[in-house]
Protein chains: 2
Amino acid sequence: MTPQPGSAGDVLTLISAGSATTRSDLARLTGLARSTISQRVDALIERGLVEETESGESTGGRPPRQLRLHTEDHAFAGVDLGATHCRVALMDISGNVLAECEDSLLIGEGPEKVLAHVDERLDQLLGRAGRPRKALRAVGIGVPGPVEFATGRPNNPPIMPGWNDYPIPDYFEGVEVLVDNDVNVMALGEHRGAFSGAKHLLFVKVGTGIGCGIMAEGKLHRGAQGSAGDIGHIRVSGHEDAGCRCGNSACLEAVAGGAAIARRLTELGLPAESGADVVALVQAGNTQALRLVREAGRLIGEVLASLVNFFNPEVIVIGGALSRVHEHLLAGIRETVYRRSLPLATHHLSITPSRTGINAAALGAGILAIEHYLSPDNINRIVNA
Amino acid sequence: MTPQPGSAGDVLTLISAGSATTRSDLARLTGLARSTISQRVDALIERGLVEETESGESTGGRPPRQLRLHTEDHAFAGVDLGATHCRVALMDISGNVLAECEDSLLIGEGPEKVLAHVDERLDQLLGRAGRPRKALRAVGIGVPGPVEFATGRPNNPPIMPGWNDYPIPDYFEGVEVLVDNDVNVMALGEHRGAFSGAKHLLFVKVGTGIGCGIMAEGKLHRGAQGSAGDIGHIRVSGHEDAGCRCGNSACLEAVAGGAAIARRLTELGLPAESGADVVALVQAGNTQALRLVREAGRLIGEVLASLVNFFNPEVIVIGGALSRVHEHLLAGIRETVYRRSLPLATHHLSITPSRTGINAAALGAGILAIEHYLSPDNINRIVNA
DNA sequence: GCGCTTTGTTCGATTTTCGGCGGAAGTTGG
DNA sequence: CCAACTTCCGCCGAAAATCGAACAAAGCGC
């Protein structure tokens, strides 16, 4: 029922996390006998999950044979569906990108059209990487709206017309599909990529809207209805006049989101439509745009200050379109957070820009798929089959 | 190293959680053979952790022997240290209160004096319950300030002079001591008591100050520095004039805490010093006090609305001194939360008053101690010793 | 009373794990 | 270059854990 500790799955987890690269490491970490570990590793090699590489450095005796994930026979995909784009990354089992692509694609076209496009791209990327379709073990998809994670159905998403309650995984046959909110997969990717040491992390996406992915105890916190992290509609003080598409006013998103900044620039006589336009203006050195971005940072910082007191994360990562001008955004955020949060909570807090950049969501979605496949339960199932 | 699944500890966990009351249940839940389960149960009975009661209902065959925690040989204590009081509850292993007491005690007297008092009370309660000192397996202590949970040392607590970095567990000999923030143990107690079905719960204590305990995935979220849940110093809009003891202004606690309400009542010519005075005035039907409590509820609701969007809990429990007038407080909180949070997050959200009342902290601290003792790792250690 | 069902124990069989041994494969020092 | 030493790894018998079949116990229904 429950998996054995030191089971094949646990052993593989240690290998994949990089905690152990040799049989000796595994024996030390699990507490099992060396012979038992050898047996486990043999089973994993047999199943094509692990491979041996050249011997490593000797520490005075026979050098240990290095172990690593066998990257040839499996493939995973991460899909980033945005309001107007689609990115797909094909990855091997250790998270390396084999091939990727990016298209304009309107999510409003509805699930059938969009998913057909994704499916086509998957085949193309598999072809480019020279792997057969059946090598594809799992696909992660990040979508711009709330999702019931267990079933992969969007839950009243505001900007995905036609997708409500659509069972996305059912569209794909013969492959496991995991669907999550885009900020969640971005948080996951960022955590596993650059901040795996942090137990508690917030990933804040500042684009057209504003959202937040939450890592608690190293795992995604999705909340009771899967709507956790929806910080775009938290109220900020002093902006009661700013109406929001959600029906309320003074929402963070309505005053500090990319769309809001663009609108205010337009009012100032600087035509801008989207977050990208704002970024362009800032990069062109426009001081009005710069000022507004910094001011947006302060407003976001005000909300984050509350969340820092509440959640006490170790790291806050700022991503999304506007993070391309992160110096200015971060300046505003840091200024406010460090002023308004408690010293105990901010003392070891670091606020940094995203390291994964434009591909954050696709990579994170791929990692979601890989981690699902590598979960001890699943591996034990495969090995004992 | 890692405990076996279906180990004695896991078996005991199932029994203590009430998930299994017979050997058959255990076999079904763990997937182990009946004979293996019998062996485990025998070991647990041998160690005095489990006992058999009368046979249960037959379902057409031989009636199963019921199993339950053996409540005689162990005792646990929960201690609630407040700014001006000390409550101690002595409990058996299944969480029933054997004896309890309450005193006035100034925490400012310093750790030695206060802990000596606690130790004395422990002996008294053990005497009353007729259990020897060595029956006491673990003690949980809730203190009014941040604590480094792993070491049991208060971390710059604002209202505990002389306690900073004091290693509380070292004061007690021969018994394990766990120290946590008071709101954390209250959240734990409330969750285990009345809302064990909820995965994500917030416990909000509204007393002199305002704090929040966070249960995520059924476990306490303490944050990176153990300061999570410190919502008393989140800024609320429109009260820039209200200075707070933390040095900032417009903190939630400075405008909606019991002390703040009392001060405003005093300004209105109604002498009040503490949250208790406010409660008394409300209970006496004073409309000014009632209005201020309701207004405080709105302000707290404003902050909670943000946290609901961010954290998406299933339940918010309101406790602390002011919850004794919870109708008025809750009205204000509900009004604001349901207006300012997203529908998806509030749809299944319930906001309710505490069920454990005045003893919440002592009971929660006791549960902290019991759960520590009953943790699979610890039980396996005991059984295999 | 007698068959049926479910529970719990006993005990030999099976599977899993351990740990010692020896060979493999390197380093170090003379 | 060789001998001594260290570490790694597979092999295999011993030990331990677990299983499962058989049987006894205990109630129900007819």
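Within every chain, numbering begins at 1; the chains are lettered A, B, ... in the order of the sequence lines, protein sequences first and strands thereafter. Because only heavy atoms are used, hydrogens play no part in the values below, and waters and symmetry mates are left out as well, while side chains stay in. Given the structure is predicted, the values throughout are model-derived calculations rather than measurements.
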*Between atom CD in A:Q39 and atom P in C:dC18, what is the gap in whole Å?*
10 Å
*asked:* With salt bridge (Lys or Arg N to Asp or Glu O under 4.0 Å) as the rule and sequence neighbours excluded, what pairs involving residues 186-199 of chain B come up?
replied: B:R192-B:E371, B:K199-B:E217
*asked:* I'd like to compare against my own output: the B/S/- annotation of nucleotides 4-10 of chain C with a strict under-4.0 Å heavy-atom distance to protein.
replied: -BBBBBB
*State which residues pass salt bridge (Lys or Arg N to Asp or Glu O under 4.0 Å) with B:D25; sequence neighbours excluded, sorted by chain then number.*
B:R28
*Between A:L26 (CG) and D:dC8 (P), how many Å, whole number?*
12 Å
_If I take atom CD1 in residue A:I45 and atom C1' in nucleotide D:dG10, what distance separates them, rounded to the nearest angstrom?_
13 Å
*Rounded to whole angstroms, how far apart are CZ on A:R40 and P on C:dT16?*
9 Å
_Lys/Arg N to Asp/Glu carboxylate O, A:R222 vs A:D180, below 4.0 Å_ = yes
*Partner residues of A:R153 under the salt bridge (Lys or Arg N to Asp or Glu O under 4.0 Å) criterion, sequence neighbours left out*: A:D165
_Can you measure A:L32 atom CG to D:dA16 atom C1' for me and round it to whole angstrom units?_
14 Å
*Apply salt bridge (Lys or Arg N to Asp or Glu O under 4.0 Å) to A:R137 and list each qualifying residue two or more places apart in sequence or on a separate chain.*
none
*Sequence neighbours left out, what passes salt bridge (Lys or Arg N to Asp or Glu O under 4.0 Å) with B:R68? Give chain and number order.*
B:E51
